[in-house]
Amino acid sequence: MADAMIIARQREEITMGTWDIGPFDNDMAADFAYTLDETAPEKREDLVRATFSRTIQARDYLESPEGAEAVAAAALIAAQCPGGEPISTSYGPDEALPIFADDLRPLAAEALDRVVAEKSELAELWDETLSGPKWRQSISRLRAVLAPESDPQEEALFDL
């Protein structure tokens, strides 16, 4: 059993350039963070927005690099939301990020939906590994921060 786990882990690392399930724990996301650092500060939000747009608009098949970049970008937005986790990995951006516009939250959630949908190479690759369910849980947690379910009791208070 241990040999099978080692082989699966090696296949995961070789196939995806990935070392863990975190949003910046892969080569594509680390490259995205570098690109973000190299982008002029006033253009960083535009880069994140373009990443979401490219992911959402991929109708036929979403390639793994685009999916990994969308997850990383979504994690940056979620980090600025209530309940979001700060980006604490050394593979994330080093440069200061702007306070992102609120309208990026639904775009980030929609991009994550696309990443885990059918015809997504990143989801397919993760689903072939033992860590696939943990990866999907991490994406679900990010999405929950970006688009929290409203409390029906709280909504009722405003309907009065």
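Just so you know, residue 1 is the first one in the sequence shown, and it goes up from there.
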Just wondering, do [Y] and [X] contact through their side chains at under 4.5 Å, heavy atoms?
X      : Y      : value
Trp135 : Thr129 : no
Phe52  : Ile77  : yes
Glu121 : Glu66  : no
Val71  : Ile139 : yes

Taking [X] for its side chain and [Y] for its backbone only, find out whether a donor-acceptor pair lies under 3.5 Å.
X      : Y      : answer
Asp37  : Tyr34  : no
Gln80  : Pro98  : yes
Arg143 : Asp113 : no
Glu95  : Leu36  : no
Thr39  : Thr35  : yes
Asp20  : Gly22  : no

So how far is it from [X] [atom1] to [Y] [atom2], rounded to the nearest 0.5 Å?
X     : Y      : atom1 : atom2 : answer
Glu69 : Asp31  : CD    : CG    : 8.0 Å
Leu62 : Glu118 : CG    : CD    : 13.5 Å
Glu63 : Arg54  : CD    : CZ    : 12.0 Å
Asp25 : Tyr91  : CG    : OH    : 8.0 Å
Ile21 : Ser131 : CD1   : OG    : 7.0 Å

Does Glu45 have any salt bridge (charged side-chain N to carboxylate O under 4.0 Å, His left out) partners at least two apart in sequence or in another chain, and if so, which?
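For Glu45, the residues satisfying salt bridge (charged side-chain N to carboxylate O under 4.0 Å, His left out) (neighbours in sequence not counted) are Arg49.
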Closest non-hydrogen atom pair, [X] against [Y]:
X      : Y      : result
Leu142 : Ala75  : CD2-CA, 3.7 Å
Val145 : Ala78  : CG1-O, 3.7 Å
Ile87  : Ala79  : CG1-CB, 4.2 Å
Ala73  : Thr51  : CB-CG2, 4.2 Å
Ser64  : Leu122 : OG-CD1, 3.6 Å
Cys81  : Leu146 : SG-CD2, 4.3 Å

Heavy atoms of other groups near Glu85 CD, more than 12 under 6.0 Å:
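No, CD of Glu85 has 12 or fewer neighbouring heavy atoms, counting only those of other groups under 6.0 Å.
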Is it true that atom CG of Asp103 has more than 12 heavy atoms of other residues, nucleotides or ligands lying nearer than 6.0 Å?
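Enclosed: over 12 neighbouring heavy atoms sit under 6.0 Å from CG of Asp103.
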Under a 3.5 Å cutoff, is there a donor and acceptor pairing between the side chains of Tyr61 and Glu124?
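Glu124 and Tyr61 do have a side-chain donor-acceptor pair below 3.5 Å.
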Go through it in stages, so that I can follow the logic: the residues are Thr18 and Trp126, the test is side-chain contact (heavy atoms from CB on, under 4.5 Å), and I'd like the CA-CA distance, side-chain angles, deciding distance and then a yes or no.
CA-CA 10 Å; Thr18 298; Trp126 274 111; 3.6 Å; yes
Considering only NZ, NE, NH1 and NH2 on the basic side and carboxylate oxygens on the acidic side, decide whether Asp127 and Arg136 come within less than 4.0 Å.
yes
Could Asp60 and Lys119 be called an ion pair, given the rule that one side-chain N must be under 4.0 Å from one carboxylate O?
no
Between Phe24 and Trp19, does the ring-ring contact (aromatic ring centres under 6.0 Å, His included) criterion hold? Intermediate values first, please.
CA-CA 10 Å; Phe24 286 96; Trp19 49 90; over 10 Å; no
